Amino acid sequence: MNGEMIRAEAGDLLDWYDVHAREMPWRVGPSARRDGIRPDPYRVWLSEVMLQQTTVAAVRDYFHRFTARWPTVADLAAAADEDVMGEWAGLGYYARARNLLKCARAVVADHGGVFPATREGLLSLPGIGPYTASAISAIAYDLPETVVDGNVERVMARLHDLHVPLPTAKPELTEMAARLTPDARPGDYAQAVMDLGATICTPKSPACGICPWRDPCVARSNGTAPELPKKLPKKPKPIRLGIAYVGRRADGAFLLQRRPDKGLLGGMLGWPGSDWAETVPQDTPPVAAQWRDAGAEARHTFTHFHLRLAIRVADLPMGAEPDTGEFLGPDRFRPSDLPTVMRKAFDLARASFKDGF
DNA sequence: CACCCGTGGCA
DNA sequence: TTGCCAAGGGT
């Protein structure tokens with residue numbers, strides 16, 4: 001046990017938050033909250049799922065588009081799968097979008113269209129894990145639950161100068177965070193720790209001089225803050241190779257393929273193509289045609305490998321009968337429906353056509 | 001429990 | 001250019 005008592009107090013952080021809270025589309029700030037305004041649980045849930053491993057800057061536009069198109073959880077539950085996947089395209093981690101729909105439909109079917117107001121109830125829903133269940137509990141329902149995300153882990157590791165590497169240190173950091181969580185204003189507090197981690201207690205060059213917890217912070221006094229939290233080394237990413245076939249029919253329709261729900265880019269639209277492996281891919285087009293190389297490869301890095309994707313393009317006749325995929329006209333396909341790697345392939349293919357497309 | 005699962009920004 | 005990082009969850 002770390003016998004040292006941390007003197008950090010939630011009140012000091014809340015005082016800081018009252019002045020420095022960031023404004024966000026899904027957030028009810030401390031002032032409005034004091035006036036009794038509570039955030040819509042649907043919007044809290046949607047924002048928290050979008051924010052999983054994703055930056056605020058990347059989420060903003062997606063959140064606006066989703067809430068404009070589907071203002072309530074019932075609207076979202078009634079949406080077509082392909083519409084939700086297309087709207088999520090580019091945000092990454094597509095299992096989140098699949099679980100988002102499952103969750104919305106479960107809330108409507110099993111909970112009368114209202115998100116459960118307990119951590120346990122929330123935890124039972126698809127796509128809601130320990131962090132998100134606590135976040136919705138605290139932010140939407142003002143329950144005194146402890147949120148532990150990357151920000152909180154970093155802040156706690158520094159406050160206590162804990163050098164045990166993640167993920168080993170996770171349970172201890174969770175316990176530290178729980179001890180600090182106040183009974184009053186748990187929603188504001190949860191967001192305050194995350195704002196602190198995002199703006200002051202940043203991964204590199206933290207601004208310790210203006211931190212509301214600079215006095216009790218052990219890592220600050222020891223000069224170790226910038227190197228915490230420690231993390232286990234990561235495995236190198238191998239390079240995989242593949243081929244994608246961008247076929248355009250005479251009427252302007254493209255030959256596309258819906259990917260299976262499980263695995264990489266599950267449920268998303270993509271171009272027919274080879275497997276992606278560390279060996280040279282087999283060149284097997286989805287339909288016989290005059291395929292030509294686009295002259296440039298799409299380079300893309302996924303979570304655990306680098307991909308170099310060769311692009312083949314072809315003009316296809318109206319009578320073409322491909323082995324795989326389906327033709328989608330402009331009415332059923334927008335380039336923005338594609339995950340980023342597929343959009344890169346599309347852009348390269350387009351550039352390779354003299355007449356553009 | 002180890003592994004799988006995206007993307008864009010930034011030093 | 002490369003590596004690191006961001007409000008994690010599912011299996």
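Source: prediction; values computed, not measured. Order of the sequence lines sets the chain letters (A, B, ...), proteins ahead of strands, with each chain counted from 1.
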Checklist entry - So do the side chains of A:Ile210 and A:His20 get within less than 4.5 Å of each other, counting heavy atoms only? => result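 SC-SC contact between A:Ile210 and A:His20 ruled out.
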Gap between atoms [atom1] and [atom2], on [X] and [N] respectively (whole Å):
| X | N | atom1 | atom2 | result |
| --- | --- | --- | --- | --- |
| A:Glu227 | C:dC4 | CD | P | 16 Å |
| A:Lys230 | C:dC4 | NZ | P | 14 Å |
| A:Leu51 | C:dG9 | CG | C1' | 15 Å |
| A:His304 | C:dG8 | NE2 | P | 19 Å |
| A:Lys262 | C:dT11 | NZ | P | 6 Å |
| A:Met50 | B:dC5 | CE | P | 22 Å |
| A:Leu123 | C:dG10 | CG | C1' | 13 Å |
| A:Phe305 | C:dG3 | CZ | P | 16 Å |

Next on the checklist: Return the CG to CD1 distance between A:Leu143 and A:Ile136, rounded to the nearest 0.5 Å.
Outcome noted: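 Answer for the CG-CD1 pair, A:Leu143 versus A:Ile136, is 11.5 Å.
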Checklist entry - Hey, what's the ring geometry for A:Phe115 with A:Trp45, parallel, tilted or perpendicular (30° and 60° as the breaks)? => result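 A:Phe115 vs A:Trp45 ring planes: tilted.
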Item to check | B:dG8 versus C:dG9 - spacing of their P atoms, nearest Å | outcome: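 That atom pair is separated by 22 Å.
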Next on the checklist: Just to be sure I understand the geometry, which residues of residues 184-203 of chain A put a non-hydrogen atom under 4.0 Å away from DNA chain C?
Outcome noted: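 Close to the strand are A:Met194, A:Pro203.
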Next on the checklist: If you take any heavy atom closer than 4.0 Å to DNA chain C, which residues from residues 141-150 of chain A end up in contact?
Outcome noted: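 Hits under 4.0 Å, by residue number: A:Asp149, A:Gly150.
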Is there any protein nitrogen or oxygen under 3.5 Å from a nitrogen or oxygen in nucleotides 1-3 of chain B, and what are the pairs?
unit_1, atom_1, unit_2, atom_2, d
B:dC3, OP1, A:Lys235, NZ, 3.0
B:dC3, OP2, A:Lys235, NZ, 3.3

Checklist entry - With sugar-phosphate meaning primed atoms plus P, OP1 and OP2, does A:Arg27 contact a base, only sugar-phosphate, or nothing at under 4.0 Å between heavy atoms? => result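 Base contact.
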Item to check | Sugar-phosphate only, base, or nothing, as touched by A:Trp88 at under 4.0 Å among non-hydrogen atoms | outcome: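 Result for A:Trp88 = nothing.
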Checklist entry - If only atom types and distance count, is the side chain of A:Asp347 paired as donor or acceptor with the main-chain N or O of A:Lys344 below 3.5 Å? => result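 Such a contact is absent between A:Asp347 side chain and A:Lys344 backbone.
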Checklist entry - So, A:Arg43 side chain and A:Pro25 main chain: donor-acceptor pair closer than 3.5 Å or not? => result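 Yes; judged by distance alone, with no hydrogens or angles, the pair exists.
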Item to check | Given DNA chain C, 5'-ward residue of the pair A:Met24 and A:Asn99, judged by closest heavy atom | outcome: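 The residue whose closest nucleotide sits nearer the 5' end is A:Met24.
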Checklist entry - Looking at A:His306, A:His304, A:His300, which hits ring pair (Phe, Tyr, Trp, His ring centres under 6.0 Å) with A:Phe302? => result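 The passing option is A:His300.
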Hydrophobic clusters here meaning ILVMFWY residues chained together by side-chain heavy-atom distances under 4.5 Å, can you tell me if [X] and [Y] are in one?
| X | Y | result |
| --- | --- | --- |
| A:Leu256 | A:Leu316 | no |
| A:Val59 | A:Met24 | yes |
| A:Leu228 | A:Val148 | no |
| A:Leu101 | A:Met85 | yes |

Item to check | Under the side chain to side chain donor-acceptor pair (under 3.5 Å) test, residues paired with A:Thr67 that sit two or more places apart | outcome: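 Residues passing side chain to side chain donor-acceptor pair (under 3.5 Å) with A:Thr67: none at all.
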Item to check | Pairs involving residues 182-236 of chain A, ordered by first then second residue, that meet ring pair (Phe, Tyr, Trp, His ring centres under 6.0 Å) (sequence neighbours left out) | outcome: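 Residue pairs passing ring pair (Phe, Tyr, Trp, His ring centres under 6.0 Å), neighbours aside: none found.
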Item to check | Aromatic A:Phe346 / basic A:Arg343 pairing, under 6.0 angstrom, 45° off normal | outcome: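 No - A:Arg343 does not lie over the ring of A:Phe346 by the 6.0 Å and 45° rule.
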Checklist outcome for this item: B/S/- along nucleotides 6-11 of chain B (protein heavy atoms under 4.0 Å) is BBS---
Checklist entry - Under 4.0 Å: is that the gap between some side-chain N or O of A:Lys234 and OP1 or OP2 of C:dT2? => result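 So the side chain of A:Lys234 is outside the cut-off, no N or O lying under 4.0 Å from OP1 or OP2 of C:dT2.
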Item to check | Stepwise side chain to side chain donor-acceptor pair (under 3.5 Å) check, A:Gln52 with A:Tyr131 | outcome: CA-CA 9 Å; A:Gln52 289 166 5; A:Tyr131 163 77; over 6 Å; no
